[in-house]
2 protein chains.
Amino acid sequence: MAASTLSEVARLAGVSLATASRVLNGSSRKPAEDIAERVREAADKLGYVPNAQAQALAKSSSGLIGLVVHDIADPYFSAIARGVQEAARQQNRMVLLASTTGTPADEKEAVAAFAARRADSIVIAGSRSVREEDKQGNAELAAELDRYCRNGGHVGVVGHPVVGATAAEGYHVVEVPNEELAAGLAEQLAASHNGAFLIIAGPEGLYTSDDRVRGFQRGLADAGRPAAEVIRTGFNRAGGFEAGKALAERIKGSSDRLCIFAVNDVMAIGVTAALRPEGVWIPRDATVAGFDDIETLRDFRPALSTVHLPLEDIGRLAAGDPDTAPISGTVKLRRSTETPVESQL
Amino acid sequence: MAASTLSEVARLAGVSLATASRVLNGSSRKPAEDIAERVREAADKLGYVPNAQAQALAKSSSGLIGLVVHDIADPYFSAIARGVQEAARQQNRMVLLASTTGTPADEKEAVAAFAARRADSIVIAGSRSVREEDKQGNAELAAELDRYCRNGGHVGVVGHPVVGATAAEGYHVVEVPNEELAAGLAEQLAASHNGAFLIIAGPEGLYTSDDRVRGFQRGLADAGRPAAEVIRTGFNRAGGFEAGKALAERIKGSSDRLCIFAVNDVMAIGVTAALRPEGVWIPRDATVAGFDDIETLRDFRPALSTVHLPLEDIGRLAAGDPDTAPISGTVKLRRSTETPVESQL
DNA sequence: CTGTTAGCGCTTTCAA
DNA sequence: TTGAAAGCGCTAACAG
């Protein structure tokens with residue numbers, strides 16, 4: 001990685017280092033045009049590429065924004081990543097990516113690495129958890145973030161504050177109204193569904209999942225309905241699939257049409273996929289709703305009822321874009337929770 | 001971004017800068033254990049975080065790997081990104097992300113930025129094009145890459161070499177056998193489909209698209225079939241959708257069952273989505289095949305016939321992982337191209 | 001307006 | 001084994 005340096009350019013142009021710097025990299029002061037031209041020529045001839053590392057070191061600001069996600073290939077995260085990327089572009093920064101396995105310990109590593117690179121800000125998009133096994137990891141992550149903030153860094157967290165993080169300067173949480181939206185979904189669902197409800201949730205202690213469960217139950221209660229049974233499984237397609245498999249017999253054995261709320265879209269897809277080969281059709285034999293409104297899943301049939309979340313905006317906001325409005329979602333009722341007309345049966 | 005520095009640590013521990021460096025950041029030489037312990041304590045107390053920028057500057061190696069994609073939210077790219085990310089993790093590097101709008105000019109910018117950051121290697125995942133309007137952009141991109149390689153950088157390009165790039169040292173192309181695989185798909189399709197074929201392709205000049213078209217036509221020819229008509233549209237879902245809309249009447253007006261090959265999965269989904277509300281059912285009234293085997297689309301019904309591409313491996317390979325085998329794909333015939341049994345009609 | 005000169009934080013010879 | 005010192009490439013006072 002040995003490119004030519006500023007001083008080489010300066011020498012070739014026959015000017016001082018400072019002048020070359022002023023010409024090539026935006027300074028408030030602008031040297032005379034003739035000398036500037038000479039410098040640019042020299043730079044061009046040498047194929048000069050400014051060393052961003054050295055610049056960052058000299059002005060202590062890296063132009064980097066760090067993004068922590070569980071899995072960049074997960075459409076939920078990649079949508080957020082797009083938003084972060086856009087914000088970064090506007091701010092003239094670059095995005096540093098870290099995928100973690102989802103454990104706070106891993107996230108702590110990532111944050112430390114970002115801090116080492118002197119990222120101007122860090123966005124954490126993974127979901128927070130309060131599970132016992134994550135306790136120490138959470139504490140360490142919180143400490144790391146705290147230190148980073150104290151050193152002048154900015155942190156944007158999606159959804160929920162990192163457990164134990166003191167609300168330091170520069171620490172910013174993008175609130176996602178999961179609970180309210182889930183309540184809204186439940187109410188709208190209750191309006192057209194008379195049977196029982198069932199929730200397929202992620203592991204207990206996952207904030208996002210817990211919020212959505214709580215909200216849904218509240219919505220049900222507000223609609224005068226009994227609380228739904230909750231099944232715990234993995235917070236991903238595989239989890240939904242497993243739950244679906246386990247549910248098939250039960251649905252077939254009952255005459256009551258069940259309304260299933262999976263706490264995110266990919267889980268809902270998993271449920272549906274598991275049910276289909278068992279002969280359980282959606283929405284004929286049961287109905288299914290999800291949460292997130294993942295774009296790639298929009299062509300899925302039956303179209304999935306869900307709650308639309310502006311994921312890109314979430315990313316943008318977490319990355320500190322000032323022009324993005326606070327997050328709100330919308331309930332989207334689609335085919336997967338329609339009551340079939342008699343003639344369609 | 002003012003954290004404590006190595007010299008502060010050294011002073012607190014009462015040792016020299018050099019010793020502190022040797023203790024904290026792996027050196028071949030190891031100071032005495034008692035002194036090392038003192039240094040570690042001091043570092044801990046001060047919350048020392050090594051400045052990666054400064055380290056990079058001093059040893060001229062940044063530990064960065066740059067990734068250029070068109071759109072990180074596109075499942076094709078995010079799958080590749082995951083592979084790159086994994087490789088980076090193994091190499092103990094971090095991924096720098098750049099999304100471009102797909103024009104070579106943008107990609108050139110991204111490469112320049114990576115070069116400025118002294119990325120150890122750069123992965124370019126966007127598809128190459130030879131269109132006239134991209135000519136200058138391509139040339140500039142090629143020049144930029146060339147310079148980067150000459151300065152010791154490593155480049156991994158997915159699919160096709162950058163147009164005009166001289167095969168410099170460090171320049172590496174991950175070959176994706178698009179043409180062969182498309183030919184294979186055509187042959188297998190021809191075995192069970194007697195009617196006409198039609199190809200929905202991206203804009204002419206897009207290598208990936210062109211390769212798949214050419215391969216498909218060759219496969220058809222090898223199977224003794226006439227060449228398929230080719231419709232050009234956008235290389236994305238919207239393009240497929242548009243083509244599907246335009247095709248609906250024609251399909252309904254003909255008694256011949258058409259087999260449609262969309263050159264990638266999201267286009268195939270777009271076609272299917274456009275056809276459905278027109279009453280054209282797949283595979284009853286026409287059949288559809290795609291390319292890529294995007295994971296998120298796997299639950300789509302009718303299950304899409306396609307060509308599986310190991311996208312993660314592609315990413316890993318492009319990022320210079322030595323343990324990943326060369327890329328090969330597999331034809332996957334699924335429901336969307338099945339000939340319906342009479343009883344199902 | 002231009003040039004000189006300290007650093008930015010760290011690694012790494014080279015002496016001691 | 002430890003320490004002193006010379007950079008790595010660039011920016012930003014400060015001086016001319």
Side-chain angles (χ1 to χ4, degrees), chain A residues 1-40 42-43 46-64 113 115-120 151-152, chain B residues 1-40 42-43 46-64 113 115-120 151-152:
Chain A
M1 290 282 53
S4 45
T5 72
L6 225 208
S7 57
E8 285 171 25
V9 173
R11 194 181 324 136
L12 211 179
V15 299
S16 79
L17 200 60
T19 302
S21 168
R22 291 196 268 257
V23 173
L24 263 17
N25 312 325
S27 161
S28 49
R29 282 155 49 184
K30 353 173 59 101
E33 186 46 47
D34 57 333
I35 211 123
E37 189 47 44
R38 262 211 338 266
V39 173
R40 272 191 287 267
L46 292 175
Y48 170 72
V49 179
N51 186 326
Q53 314 262 13
Q55 291 182 313
L57 185 55
K59 15 181 223 205
S60 33
S61 148
S62 61
L64 252 27
R117 296 223 128 86
R118 297 301 185 265
D120 297 331
N151 287 338
Chain B
M1 290 284 56
S4 44
T5 71
L6 225 209
S7 57
E8 285 171 25
V9 173
R11 195 181 321 137
L12 211 182
V15 300
S16 78
L17 201 60
T19 304
S21 169
R22 294 197 264 258
V23 173
L24 263 17
N25 314 323
S27 159
S28 49
R29 280 155 49 184
K30 4 155 91 204
E33 187 46 48
D34 55 334
I35 214 131
E37 189 49 42
R38 261 207 341 264
V39 173
R40 273 190 286 267
L46 292 174
Y48 169 72
V49 180
N51 186 327
Q53 315 260 15
Q55 291 183 313
L57 185 55
K59 21 179 218 205
S60 36
S61 149
S62 62
L64 253 27
R117 295 224 132 81
R118 298 300 187 266
D120 298 330
N151 287 338

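Bear in mind the structure is a predicted one, so any value in this text is a computation, not a measurement.
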Rounded distance (Å) that lies between atom [atom2] of [N] and atom [atom1] of [X]:
X	N	atom1	atom2	answer
L46(A)	dG9(D)	CG	P	13 Å
L17(A)	dT4(C)	CG	P	10 Å
N151(A)	dC8(C)	CG	C1'	16 Å
R38(A)	dC1(C)	CZ	P	16 Å
L24(B)	dG9(C)	CG	P	15 Å
D34(A)	dT2(C)	CG	C1'	12 Å
R118(A)	dG9(C)	CZ	C1'	8 Å

From the options [options], select the nucleotide whose nearest atom is closest to the side chain of [X].
X	options	answer
A58(B)	dC8(D), dT11(D), dT2(D)	dC8(D)
R22(A)	dT2(C), dT2(D), dC10(C)	dT2(C)
T19(A)	dC10(C), dG3(C), dT11(D)	dG3(C)
K59(A)	dG9(D), dC10(C), dA12(D)	dA12(D)
L6(A)	dC10(C), dT4(C), dC10(D)	dC10(D)

Taking OP1 and OP2 of dT11(D), is either one under 4.0 Å from a side-chain nitrogen or oxygen of S21(A)?
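For dT11(D), OP1 or OP2 has a side-chain N or O of S21(A) closer than 4.0 Å.
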
For S16(B) and dG3(D), is the shortest distance between a side-chain N/O and OP1 or OP2 below 4.0 Å?
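Checking dG3(D) against S16(B), a side-chain N or O does come within under 4.0 Å of OP1 or OP2.
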
How far does [atom1] of [X] sit from [atom2] of [Y], to the nearest 0.5 angstrom?
X	Y	atom1	atom2	value
S16(A)	R22(A)	OG	CZ	6.0 Å
Q53(A)	R117(A)	CD	CZ	7.0 Å
T19(A)	I35(A)	OG1	CD1	6.5 Å

Run the salt bridge (charged side-chain N to carboxylate O under 4.0 Å, His left out) test on E8(A) and R11(A) for me, step by step, so that the C-alpha distance in whole Å, both residues' side-chain angles and the decisive distance to 0.1 Å come before the verdict.
CA-CA 5 Å; E8(A) 285 171 25; R11(A) 194 181 324 136; 5.8 Å; no

Of the non-hydrogen atoms in A10(A) and A20(A), which two are nearest, and what is the gap between them?
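So the minimum-distance heavy-atom pair works out to CB-CB, 3.9 Å.
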
Are [X] and [Y] close enough that some pair of their side-chain heavy atoms sits under 4.5 Å apart?
X	Y	value
L6(A)	L17(A)	yes
T5(B)	N51(B)	no
R40(B)	V23(B)	yes

If the condition is side chain to side chain contact (heavy atoms under 4.5 Å, CB included), which residues does A116(B) pass it with, not counting sequence neighbours?
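So A116(B) forms a side chain to side chain contact (heavy atoms under 4.5 Å, CB included) with V49(A), A52(A).
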
How bent is the helix from dC1(C)-dG16(D) to dA16(C)-dT1(D), comparing axes over its five end pairs at each side, to the nearest 10°?
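Terminal axis comparison yields 40°.
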
For DNA chain C, the residues among residues 49-57 of chain B that have a non-hydrogen atom under 4.0 Å from it:
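P50(B), N51(B), A54(B), Q55(B), in order of number.
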
